[in-house]
Chemist: 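Okay, here's the structure, questions in a sec.
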Protein chains: 12
Amino acid sequence: MSEKVFKGVEIVGTSDQSFSHAIEVAVARARQTLRELSWFVVEEMRGGLQAGRLEYQVTLRVFFRLEAQDAADSGGTLV
Amino acid sequence: MSEKVFKGVEIVGTSDQSFSHAIEVAVARARQTLRELSWFVVEEMRGGLQAGRLEYQVTLRVFFRLEAQDAADSGGTLV
Amino acid sequence: MSEKVFKGVEIVGTSDQSFSHAIEVAVARARQTLRELSWFVVEEMRGGLQAGRLEYQVTLRVFFRLEAQDAADSGGTLV
Amino acid sequence: MSEKVFKGVEIVGTSDQSFSHAIEVAVARARQTLRELSWFVVEEMRGGLQAGRLEYQVTLRVFFRLEAQDAADSGGTLV
Amino acid sequence: MSEKVFKGVEIVGTSDQSFSHAIEVAVARARQTLRELSWFVVEEMRGGLQAGRLEYQVTLRVFFRLEAQDAADSGGTLV
Amino acid sequence: MSEKVFKGVEIVGTSDQSFSHAIEVAVARARQTLRELSWFVVEEMRGGLQAGRLEYQVTLRVFFRLEAQDAADSGGTLV
Amino acid sequence: MSEKVFKGVEIVGTSDQSFSHAIEVAVARARQTLRELSWFVVEEMRGGLQAGRLEYQVTLRVFFRLEAQDAADSGGTLV
Amino acid sequence: MSEKVFKGVEIVGTSDQSFSHAIEVAVARARQTLRELSWFVVEEMRGGLQAGRLEYQVTLRVFFRLEAQDAADSGGTLV
Amino acid sequence: MSEKVFKGVEIVGTSDQSFSHAIEVAVARARQTLRELSWFVVEEMRGGLQAGRLEYQVTLRVFFRLEAQDAADSGGTLV
Amino acid sequence: MSEKVFKGVEIVGTSDQSFSHAIEVAVARARQTLRELSWFVVEEMRGGLQAGRLEYQVTLRVFFRLEAQDAADSGGTLV
Amino acid sequence: MSEKVFKGVEIVGTSDQSFSHAIEVAVARARQTLRELSWFVVEEMRGGLQAGRLEYQVTLRVFFRLEAQDAADSGGTLV
Amino acid sequence: MSEKVFKGVEIVGTSDQSFSHAIEVAVARARQTLRELSWFVVEEMRGGLQAGRLEYQVTLRVFFRLEAQDAADSGGTLV
């Protein structure tokens, strides 16, 4: 059956190393709270340059599958 | 009084039938958890084609009214 | 250490006065629930004109810092 | 001779059934007033969700051919 | 019944005071000619700086409801 | 006094020669009906290739000044 | 192993019935020539209105998996 | 019958003279290989300035009609 | 004679009061260094929310007329 | 002589390591089939997160020079 | 060695003749001040229509190579 | 006091290694001339493929704080 529902959340990860590492940081944090992560989309890449640093900042939208309401305990919630 | 606040959540609905049906699937799931849904915006339309199927996938942003904090029990929460 | 994670939520504030006031309305509501607000981005400005009114409506994405999971009680949650 | 001029007007059609039907509603209304309709472009798809409904709303730009000024009676006018 | 049709027109309002005032100027002018104004969308914000001035310029799309053709006298016309 | 209002209309001009000529075609037609044309913006450039031709097609938004309502006879009308 | 390569092709399907049907028309044609179709993205929705018709036109980008070069006979080619 | 399928290809033409001429260069090359060209869309206009030159570069998407598979010899192929 | 050249520079102004005031801050600073300012375009509106503040931040592109090179002392320079 | 023509093809490369590596994967595959590759543009960056993985996915448009038709054997073909 | 740095500047050229000529006007002015111009991108095409004129206005971003700092006298400066 | 002004400059960095390295190249060059760099935004990622190479090219907008005019010696200048 093909009726599935996913939710997207917007998160920003930062890193001193690279954009790829900033994505890993953001995804690792998302995995602490959300189950059934499915895919992400890169929305924006920026960076901080103050005090001689170079900080990579990536804005992602991360999507995960929503279970049906009566199965809410085993998946993410909508709000 | 005109000071209202709404929150938007991003959800993806899928269907074997049509984009309109994928929207209905997503909205029905949102109604299980959220009250006072107000409007939605279609962000993206994609589809899956693997194994001979044609799956319609619609990304929506769905908006609902936020009650004042002391009335949080009767409406959606911000986070 | 530079590995931080932020979450963005989309909110819409309305006002009879101006777009700047509609932003204040939305931010004040976000502060009731979320700690460590960091920045916002204006996504869209619209308005209502029915019955002779002029209502300013601003869609914002508001970002706040996510604490590590074991510190979730002192910060926002991801979902 | 290839020197033709078209005008575009922006209209929004709504329907309880589907986006395709909302387009039909908008085009049917345009045909009451405009002759020589040529093509349309879908600009935005939104919807209303209040009171348990699901209303499809489509914003179109509809284009029709402008006749030369001395033939204005048989075609659309520019303003 | 949910089959409604709206028309959008693009107008630019200018003001010496603020963008919010420029919107009020544009909407006030639209109300001289159009009935049943419903909503507007801000498309662009620019400004003039010549001769030491600061002029706020806002481009809006303003939408109003179209009556059925036989009721055209009480509402806006399509072209 | 800085409170002026302009209206924008969308027109498409075509030409066998060049995009610049297609713009001239569209502007010449607009001048037959509209007074106080002020500026235009190029929105899209396309072309027709059927039957060995190359037809240039330019979509413009053309803006003209709206007089106050009681002076409508000397300028463009809003709808 | 995660090193895969896909190619995207842009196709336009048309239908008298609906946008969903126009997508089916385009995908059915792509399946005559391409193997291992994976997903599609809707890029644009337009339509034809001449002679009283309403023709739905959908522009898609359709993606399929590219096999390694020495396996070109069993999959799509790059150009 | 309204079920037609078109394919779009992206080509870049360059010229020392003008953007219009760069389009002619690209279209002339496309006509050497493709039949039933239908329309094009201008995607981007850039230019080269090295060594004192001014080279016009236009990126187009050119669309042509796809015949049914059993008629592939008389038209373009999908890949 | 119509051959004029303008240069655009991107500046960000901030204010505690409103977006309109942030624009005034940015324009006032530009007027300290640049002559013949002509117009500006609003590119982005963001804000800072740390420590309970609400700081309005506006990104503008400000355009000013470039004199011919031999008159560079009385106008802006290109780089 | 400045009349050159290039063709762009859209490819997606995936990698477990980084976006830069995903680009290398896509380009290496393109070099198996296409000669005279000239440049690429990154269109979109997404990723897969299922089953605990982090897969980087990059959508590129890759451009290569088209020879004149009578030299088609030594270069890429248009379709 | 592949580590090069370029700077982009935004300029607007105007002409009574065509968009191509407006680009030539802008580029000729840039060449008075900047060395090692490399490429440009067309950002926007607009025009002036007041007093019966048709003035073509093109906004370009022009890029030139930055030498290393100790060679600043022979190239463009960064600010 | 919250009235600050920043200027943005557009620079392109190139590298044989990765997009992250190309950003470092661009930022290092900017630091030779500009003080008080604050942040950057990635605008575009492209690359060169000629002669078997793979060159990463990143277009950034880099922002730095502008001091008041009488303090121009210690900061960046506006033009």
Side-chain angles (χ1 to χ4, degrees), chain I residues 5-38 40-67 72-79, chain L residues 1-15 19-48 55-79:
Chain I
V5 181
F6 299 84
K7 191 189 171 199
V9 292
E10 185 177 43
I11 50 180
V12 182
T14 70
S15 160
D16 288 340
Q17 301 174 35
S18 69
F19 285 124
S20 293
H21 186 242
I23 291 172
E24 289 163 22
V25 168
V27 168
R29 177 60 184 82
R31 285 202 163 115
Q32 291 180 355
T33 323
L34 301 172
R35 270 186 281 178
E36 295 216 57
L37 295 186
S38 293
F40 68 92
V41 181
V42 175
E43 276 197 340
E44 190 176 38
M45 291 180 292
R46 305 170 69 97
L49 295 171
Q50 289 169 316
R53 285 174 320 129
L54 202 167
E55 184 190 69
Y56 297 94
Q57 304 163 347
V58 182
T59 306
L60 304 177
R61 282 183 293 150
V62 177
F63 294 83
F64 57 97
R65 182 152 181 201
L66 282 178
E67 299 299 331
D73 299 319
S74 61
T77 58
L78 186 57
V79 182
Chain L
M1 196 194 72
S2 186
E3 297 182 7
K4 295 184 293 290
V5 181
F6 299 84
K7 190 189 170 197
V9 291
E10 185 177 41
I11 50 180
V12 182
T14 69
S15 160
F19 284 124
S20 292
H21 186 242
I23 290 172
E24 289 163 23
V25 167
V27 168
R29 177 62 184 82
R31 285 200 163 117
Q32 291 181 355
T33 323
L34 300 172
R35 271 187 280 180
E36 295 217 57
L37 295 186
S38 294
W39 77 90
F40 68 92
V41 181
V42 175
E43 277 198 338
E44 190 176 38
M45 291 180 293
R46 304 170 70 97
E55 185 190 69
Y56 296 94
Q57 304 164 346
V58 182
T59 305
L60 306 176
R61 283 183 293 148
V62 176
F63 293 83
F64 57 96
R65 183 152 181 201
L66 282 178
E67 300 299 330
Q69 166 70 346
D70 50 31
D73 299 319
S74 61
T77 57
L78 186 56
V79 181

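Predicted, not measured: the structure shown is a model, and the values here were computed from it. A, B, ... follow the sequence lines: proteins, then strands. Residue 1 opens every chain.
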Chemist: Between I:Arg53, I:Arg61, I:Glu55, who has the most heavy-atom pairs with chain L when the cutoff is under 4.5 Å?
Modeler: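 Option with the greatest count: I:Glu55.
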Chemist: Any ion pair linking L:Glu3 and I:Arg29 (charged N to carboxylate O, less than 4.0 Å)?
Modeler: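 Salt bridge: no.
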Chemist: Could you look at I:Glu24 and say if it's the side chain, the backbone, both or neither that has a heavy atom under 4.5 Å from chain L?
Modeler: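 Contact with chain L involves no heavy atom of I:Glu24 at all.
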Chemist: So, do I:Val25 and L:Val5 sit near enough that their side-chain heavy atoms are less than 4.5 Å apart?
Modeler: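 Yes; the side chains approach each other to less than 4.5 Å.
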Chemist: Do the side chains of L:Lys7 and I:Glu10 get close enough for a salt bridge, i.e. N-O under 4.0 angstrom?
Modeler: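 Judged by the 4.0 Å cut-off on N to carboxylate O distance, L:Lys7 and I:Glu10 do not form a salt bridge.
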Chemist: Is there a side chain to side chain contact (heavy atoms under 4.5 Å, CB included) between L:Phe6 and I:Thr14? Walk through the geometry before answering.
Modeler: CA-CA 9 Å; L:Phe6 299 84; I:Thr14 70; 4.3 Å; yes
Chemist: Are I:Ile11 and L:Phe63 close enough, and set up right, to give a side chain to side chain contact (heavy atoms under 4.5 Å, CB included), and what steps lead you there?
Modeler: CA-CA 8 Å; I:Ile11 50 180; L:Phe63 293 83; over 6 Å; no
Chemist: What distance separates I:Gln57 CD from L:Ser2 OG, expressed to the nearest 0.5 Å?
Modeler: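 One gets 8.0 Å once the value is rounded to the nearest 0.5 Å.
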